[in-house]
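Below is one structure, written out as structure tokens; comments come after it.
Remember, it's a predicted structure, so these values are computed and weren't measured experimentally.
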Amino acid sequence: MQGKHGKNRFPLGPRTTGALFGLAFFGVVASTAHASVLSDGTDPGDKVAAVEVLPQKQKSDRTSPGGSGKESDDEKSDQKSREKSGEKSGEKSEASNERSNGTSGKVERSEVIARARTWNPGTDDRVRYSQLRSHNGYRADCSGFVAMTLGLPKPGPNTVGLTSSRYTERIKMSELKKGDLVMDAEGTNTTRHVVIFEKWANSDRTSYWAYEQRGRYGTDHRTRDYGLDSGSEYKAYRPTKL
């Protein structure tokens, strides 16, 4: 005999109750699966991002067909071309800089004399001497004048600087040729001096014609005997640009 509560054990009916039990079971399974995904402490978004990184391996388009990671022959050729182009560009730039500051190439001896004459030696139009002022970018003193004739960088080294192996080398007085220099670089800034040798004034070589930028006057062309006496502080130098 059924109790009074027996009739209501499955008030929703056997089929409905079975369906609810089934949904509850699948819910537990789904929760368990979700928990297993999160159990490694990462965010789901990280796993998506990790998957999205994989296509970057397609960058191997720039590698050789063998997949060794080395550049293909075409790429190597392109790289060499770019390097050569860069080297040529650098060489052109350096050559351009040398031309702009007057340090490139050699100069002719006759060109040195021709430049010396542009300062109008011995005339009213001569460039007046000055250690402070400049003329066309070069100091208006003796070393600035010489730097101009040799095409050295403006404003030009001083007399001591001109004795540097970068600009000149020592020679004997008997070896002097047109465009060479005779310098006293051992004195003070009031006694140091440099002149440009042009030619011997006589067969005995007791004097010579020279261009100079002399103190309290300016550009001049006259005979000199600097360096010809024994013990003189004046020495002969040959510009490296000749």
Side-chain angles (χ1 to χ4, degrees), residues 99-173 175-202 205-229 231-242:
R99 286 193 296 272
S100 66
N101 63 23
T103 61
S104 64
K106 297 288 186 178
V107 293
E108 299 293 332
R109 294 180 180 276
S110 57
E111 186 177 359
V112 174
I113 301 303
R115 290 176 178 176
R117 291 172 178 168
T118 63
W119 281 26
N120 305 310
T123 71
D124 292 339
D125 294 327
R126 66 186 180 276
V127 176
R128 308 293 172 167
Y129 180 92
S130 175
Q131 292 184 349
L132 301 177
R133 292 185 296 101
S134 298
H135 182 72
N136 293 333
Y138 289 97
R139 283 193 323 279
D141 58 10
C142 60
S143 56
F145 173 61
V146 168
M148 180 276 297
T149 65
L150 294 173
L152 299 181
K154 300 175 182 179
N158 59 23
T159 305
V160 175
L162 283 173
T163 64
S164 166
S165 59
R166 178 182 179 184
Y167 300 119
T168 61
E169 61 179 347
R170 279 283 301 275
I171 60 173
K172 298 177 181 179
M173 291 294 293
E175 297 175 325
L176 283 169
K177 295 180 181 180
K178 179 169 57 179
D180 288 335
L181 309 177
V182 181
M183 285 190 283
D184 171 13
E186 299 178 8
T188 67
N189 66 326
T190 59
T191 62
R192 289 192 294 265
H193 193 46
V194 54
V195 302
I196 302 170
F197 179 90
E198 181 189 25
K199 59 185 179 181
W200 293 105
N202 53 55
R205 296 190 173 187
T206 57
S207 64
Y208 52 86
W209 283 94
Y211 288 90
E212 63 179 327
Q213 184 75 355
R214 63 185 177 95
R216 297 188 300 276
Y217 181 77
T219 320
D220 206 356
H221 180 223
R222 57 179 182 164
T223 58
R224 297 284 83 195
D225 60 0
Y226 300 143
L228 297 179
D229 295 335
S232 174
E233 292 184 345
Y234 282 86
K235 302 294 188 293
Y237 293 83
R238 177 152 296 158
T240 57
K241 296 194 69 173
L242 295 182

Check: Do NZ/NE/NH1/NH2 and the carboxylate oxygens of Arg238 and Asp180 come within less than 4.0 Å?
Finding: yes
Notebook entry, point to check: Is the shortest side-chain N to carboxylate O distance from Glu198 to Arg109 below 4.0 Å?
Noted result: no
Answer yes or no: is there a donor N or O on one side and an acceptor on the other, between the side chain of [X] and the main chain of [Y], under 3.5 Å?
| X | Y | value |
| --- | --- | --- |
| Gln213 | Phe145 | no |
| Thr159 | Ala185 | no |
| Lys154 | Met148 | no |
| Asn202 | Thr206 | yes |
| Lys106 | Thr240 | yes |

Item checked: Residue pairs passing the salt bridge (charged side-chain N to carboxylate O under 4.0 Å, His left out) test where at least one lies in residues 128-146, sequence neighbours excluded -> Arg139-Asp141
[X] [atom1] to [Y] [atom2] distance, which is reported to the nearest 0.5 Å:
| X | Y | atom1 | atom2 | answer |
| --- | --- | --- | --- | --- |
| Lys241 | Thr149 | NZ | OG1 | 10.0 Å |
| Asn158 | Asn189 | CG | CG | 9.5 Å |
| Thr163 | Arg192 | OG1 | CZ | 10.0 Å |
| Gln131 | Cys142 | CD | SG | 7.5 Å |
| Asp220 | Trp119 | CG | CH2 | 13.5 Å |
| Ile196 | Leu176 | CD1 | CG | 12.5 Å |

Specify the closest pair of heavy atoms between [X] and [Y], including all atoms of both residues, with the distance to one decimal.
| X | Y | answer |
| --- | --- | --- |
| Gly187 | Asp184 | N-OD1, 3.7 Å |
| Leu228 | Ser207 | CD1-N, 3.7 Å |
| Pro121 | Tyr211 | CG-CE2, 3.8 Å |
| Trp209 | Thr223 | CE2-CG2, 3.5 Å |
| Gly179 | Ile113 | N-CD1, 4.4 Å |
| Lys235 | Met173 | C-SD, 4.4 Å |

Do [X] and [Y] have side chains that get closer than 4.5 Å, going by heavy atoms?
| X | Y | result |
| --- | --- | --- |
| Val182 | Tyr208 | yes |
| Val146 | Met183 | no |
| Val127 | Asn120 | no |
| His193 | Tyr226 | yes |
| Tyr167 | Leu152 | yes |

Margin query: Are there over 12 heavy-atom neighbours, none belonging to Glu108, within less than 6.0 Å of that residue's CD?
Written below: no
Notebook entry, point to check: Would you say the side chains of Glu212 and His221 form a donor-acceptor pair under 3.5 Å?
Noted result: no
Check: What do the steps show when you test Thr191 against Glu186 for side chain to side chain contact (heavy atoms under 4.5 Å, CB included), and what is the final call?
Finding: CA-CA 9 Å; Thr191 62; Glu186 299 178 8; over 6 Å; no
Notebook entry, point to check: Do Tyr129 and Tyr217 have ring centres separated by under 6.0 Å?
Noted result: no
Next item on the list: Answer yes or no on whether Arg170 is positioned over the face of Tyr237, meaning its NZ or CZ is under 6.0 Å from the six-membered ring centre and within 45° of the axis.
Entry: yes
